[in-house]
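Have a look at the structure below before the remarks.
All values below come from the heavy atoms of this structure, side chains included, with hydrogens, waters and symmetry mates left out. Because the structure is predicted, anything quoted here is derived from the model rather than measured.
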Amino acid sequence: MKQLIAAFSLMFLAISATVLASPMHVRFAHLDKDMDGQITLAEAKQDKEVMRQFSDLDEDDDDDEKISKKEFESFKP
């Protein structure tokens, strides 16, 4: 019985974490049309809010005009 409760608890935590993380993950995946793990300036043009914050989100120093998944975590819709 304890194993069943422990398994259920772990499953609930995993599902909760997935549900909470999903909106940003889904938004990133929707914008990343070529699925290379980065949002280019051209891809970002699909979303006005992302475009407004693009230069702030593109934090790395190499001026690559791409937003990585890690950089996208700073996005505030």
Problem set entry | Donor-acceptor contact present, side-chain Glu71 to main-chain Ser68, <3.5 Å |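 Present.
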
Exercise. Hey, does the side chain of Glu43 reach the backbone of Asp34 with a donor-acceptor pair shorter than 3.5 angstrom?
Worked result: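 Checking the backbone N and O of Asp34 against the side chain of Glu43, a donor-acceptor pair under 3.5 Å is found.
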
Could you tell me the separation between the [atom1] atom of [X] and the [atom2] atom of [Y], rounded to the nearest 0.5 Å?
| X | Y | atom1 | atom2 | result |
| --- | --- | --- | --- | --- |
| Asp32 | Phe72 | CG | CZ | 10.0 Å |
| Ile39 | Glu65 | CD1 | CD | 14.0 Å |
| Leu31 | Gln46 | CG | CD | 5.5 Å |
| Arg52 | Asp47 | CZ | CG | 8.5 Å |

Problem set entry | For Ser55, all residues meeting side-chain contact (heavy atoms from CB on, under 4.5 Å), sequence neighbours excluded |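 For Ser55, no residue satisfies side-chain contact (heavy atoms from CB on, under 4.5 Å) once neighbours in sequence are set aside.
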
For this session: Name all residues meeting the side-chain contact (heavy atoms from CB on, under 4.5 Å) criterion together with Asp64; count only those two or more places apart in sequence or in a different chain, and write none if there are none.
Result: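 Result, side-chain contact (heavy atoms from CB on, under 4.5 Å) vs Asp64: Gln38, Asp58, Asp60, Asp62, Lys66.
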
Exercise. Quick one: are Val50 and Ile67 in side-chain contact, heavy atoms under 4.5 Å?
Worked result: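 Val50 reaches Ile67 side chain to side chain.
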
Problem set entry | Close side-chain approach of Lys76 to Glu49, heavy-atom, < 4.5 Å |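 When only atoms from C-beta onward are counted, Glu49 and Lys76 do not touch, as no gap falls below 4.5 Å.
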
For this session: Step through the shown structure and confirm whether more than 12 heavy atoms of other residues, nucleotides or ligands are within 6.0 Å of NZ on Lys69.
Result: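 No - once you tally the heavy atoms of other residues, nucleotides and ligands closer than 6.0 Å, there are 12 at most.
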
For this session: Locate the shortest heavy-atom distance separating Met51 from Ala44; write the atom from each residue and the value.
Result: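 For Met51 versus Ala44, the nearest heavy atoms are CG-O, 3.2 Å.
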
